[in-house]
Amino acid sequence: MTTSHSFSHSFHPFCTCWPGATVWLTGLPSAGKTTIARALAVRLSGAGRRVEVLDGDENRAVLNADLGFSREDRYTNVQRVGLIAEVLARNGIVALVPVIAPYADSREAVRKRHEASGTAYLEVHVATPLEVCAARDVKGLYARQAAGELSGLTGVDDPYEVPADPDLRIEAQAQTVEESAHVVLRLLHAKELA
């Protein structure tokens, strides 16, 4: 005997978990995206939430190792990471995504994917000024670019399209990492996602 089953992730009778969500932290290199995401992950997991940090460098090294840094490849990078985040989020996990995502159209495509599946998506612009990011230079990218060893650095010789209307904009250079993480956590509470 064959039975037909219909499944809706939104109304699954055995799911008693919080709703998932994607929190995309966009900003220049060395803006503090990953540091804020990791601090937020500690707070969320400490409160019993299922959380994953989809670090941009880790994704580039494994999932997107075949991609370069052309506009098309950057778009593809964001779409692949966006798909993973959406799948995690629609299954009750808070996906924290500290990925530059320099182009507005790629970020909008990820937002639309989430909307299509009824999955929460929050865009957080970590708005650390270029001069602060260059002074931090966590990975030495700005120094390499200045020395002529690197081209296509986002915000310097490749564009970064600042989000026009993010769900949250953080001036991370004006507060501690913990304060920045707390501001994002407050947004999740306000949206009833944490």
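When a residue number appears, it is its place in the shown sequence, counting from 1.
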Legend entry - Any side-chain heavy-atom pair of Thr34 and Leu25 under 4.5 Å: no

Inset, instruction - Look at the side chain of Asp73 and the backbone N and O of Leu67, then say whether any donor-acceptor pair between them is shorter than 3.5 Å. - result: no

Legend entry - Distance (rounded to the nearest 0.5 Å) between Glu171 CD and Gln173 CD: 5.0 Å

Inset, instruction - Give a yes or no answer on whether the side chain of His114 reaches the backbone of Tyr121 with a donor-acceptor pair at less than 3.5 Å. - result: no

Legend entry - Shortest non-hydrogen contact from Ala39 toward Val177: CB-CG1, 3.7 Å

Inset, instruction - Please confirm whether the backbone N or O of Val99 pairs with a side-chain atom of Trp24, one donor and one acceptor, at under 3.5 Å? - result: yes

Inset, instruction - Find out if a path of hydrophobic residues (ILVMFWY) with successive side-chain heavy-atom gaps under 4.5 Å connects Val183 to Leu185. - result: yes

Legend entry - Partner set under side chain to side chain donor-acceptor pair (under 3.5 Å) for Arg49, not counting sequence neighbours: none

Inset, instruction - Run the numbers on Val81 and Asn64 for side chain to side chain contact (heavy atoms under 4.5 Å, CB included), then give the verdict. - result: CA-CA 9 Å; Val81 177; Asn64 294 320; 3.8 Å; yes

Inset, instruction - To the nearest 0.5 angstrom, please state how far the CD atom of Glu72 sits from the OG1 atom of Thr76. - result: 8.0 Å

Legend entry - Full working for side chain to side chain contact (heavy atoms under 4.5 Å, CB included) between Leu63 and Glu58: CA-CA 8 Å; Leu63 176 68; Glu58 292 174 4; over 6 Å; no

Legend entry - Student check: side-chain heavy atoms of Asp158 and Arg74 closer than 4.5 Å: yes

Inset, instruction - Determine yes or no for a side-chain-to-main-chain donor-acceptor pair under 3.5 angstrom, with Arg60 supplying the side chain and Gly68 the backbone. - result: yes

Inset, instruction - With rounding to the nearest 0.5 Å, note down the distance linking CG in Leu187 to NZ in Lys191. - result: 6.0 Å

Inset, instruction - Using atom types as modelled and distance alone, determine if a side-chain donor or acceptor of Arg169 lies under 3.5 Å from a backbone N or O of Pro163. - result: yes

Legend entry - Under 3.5 Å: donor-acceptor pair, side chain of Asn91, backbone of Val87: yes

Legend entry - Stacked cation flag Arg71 on Tyr103, 6.0 angstrom / 45 deg: yes

Legend entry - Between CD1 on residue Ile170 and OG1 on residue Thr128, distance to nearest 0.5 Å: 8.5 Å

Inset, instruction - Indicate the atoms forming the closest heavy-atom contact of Cys133 with Pro29, along with that distance. - result: CB-O, 3.2 Å

Legend entry - Check: Arg136 and Val132 side chains under 4.5 Å, non-hydrogen atoms: yes

Legend entry - Side chain to side chain, His125 and Asp167, heavy atoms closer than 4.5 Å: no

Inset, instruction - Flag the pair Leu44 / Leu188 as yes when at least one side-chain heavy-atom distance between them is below 4.5 Å, and no otherwise. - result: yes

Inset, instruction - Apply side chain to side chain contact (heavy atoms under 4.5 Å, CB included) to Lys139 and Ser30, showing your working. - result: CA-CA 8 Å; Lys139 300 170 199 159; Ser30 296; 5.6 Å; no

Legend entry - Audit row: Leu168, Val184, side chain to side chain contact (heavy atoms under 4.5 Å, CB included) steps and yes/no: CA-CA 8 Å; Leu168 178 65; Val184 182; 3.9 Å; yes

Inset, instruction - Indicate the atoms forming the closest heavy-atom contact of Leu193 with Gly20, along with that distance. - result: CD2-O, 4.0 Å

Legend entry - Interatomic distance, Leu54 atom CG to Leu88 atom CG [nearest 0.5 angstrom]: 6.0 Å

Legend entry - Asp137: side chain to side chain donor-acceptor pair (under 3.5 Å) partners, not counting sequence neighbours: none

Inset, instruction - For the residue pair Thr119 and Arg113, confirm or rule out a side-chain donor-acceptor distance under 3.5 Å. - result: no

Inset, instruction - Verify side-chain hydrogen bond (donor to acceptor under 3.5 Å, both in side chains) between Arg50 and Ser45, making sure each step is shown before the conclusion. - result: CA-CA 6 Å; Arg50 295 166 61 205; Ser45 62; over 6 Å; no

Inset, instruction - Mind listing the closest non-hydrogen atom pair of Asp157 and Gly152 along with its distance? - result: OD1-N, 3.0 Å

Inset, instruction - Determine, for Glu161 against Arg107, whether the closest basic-nitrogen to carboxylate-oxygen distance falls under 4.0 angstrom. - result: no

Inset, instruction - Say whether Val53 and Val23 are linked into one hydrophobic cluster, either directly or through other cluster members, by side-chain heavy-atom distances under 4.5 angstrom. - result: yes

Inset, instruction - First locate atom CD1 of Ile84, then atom OG1 of Thr22, and finally report the distance between them rounded to the nearest 0.5 Å. - result: 11.0 Å

Inset, instruction - Give a yes or no on whether Glu131 atom CD has more than 12 heavy-atom contacts from other residues, nucleotides or ligands under 6.0 Å away. - result: yes

Legend entry - Minimum heavy-atom distance Ala101-Thr26, with the two atoms named: O-OG1, 3.7 Å

Inset, instruction - Determine whether Leu96 and Val126 fall in the same hydrophobic cluster, where Ile, Leu, Val, Met, Phe, Trp and Tyr are linked whenever their side-chain heavy atoms lie under 4.5 Å apart. - result: yes

Inset, instruction - Applying salt bridge (Lys or Arg N to Asp or Glu O under 4.0 Å), run through Lys33 and Asp55 and close with a yes or a no. - result: CA-CA 9 Å; Lys33 302 176 299 295; Asp55 179 77; over 6 Å; no

Inset, instruction - Scan side-chain atoms only and decide if Glu86 and Ser117 contain a donor-acceptor pair under the 3.5 Å cut-off. - result: yes

Legend entry - Members sharing Leu28's hydrophobic cluster (side chains within less than 4.5 Å): Ile100, Leu130, Leu141, Tyr142, Leu150, Leu153, Val156, Tyr160, Val162

Inset, instruction - Evaluate whether atom CG of Asp66 has more than 12 neighbouring non-hydrogen atoms of other residues, nucleotides or ligands under 6.0 angstrom away. - result: yes

Inset, instruction - Taking all non-hydrogen atoms of both residues into account, name the closest pair between Pro98 and Ala37 and its distance. - result: CG-CB, 4.0 Å

Inset, instruction - Consider only side-chain N and O atoms of His182 and Arg43, and report whether a donor and an acceptor are under 3.5 Å apart. - result: yes

Inset, instruction - Please answer: with hydrophobic residues joined when any side-chain heavy atoms are less than 4.5 Å apart, are Val124 and Leu40 in the same cluster? - result: yes

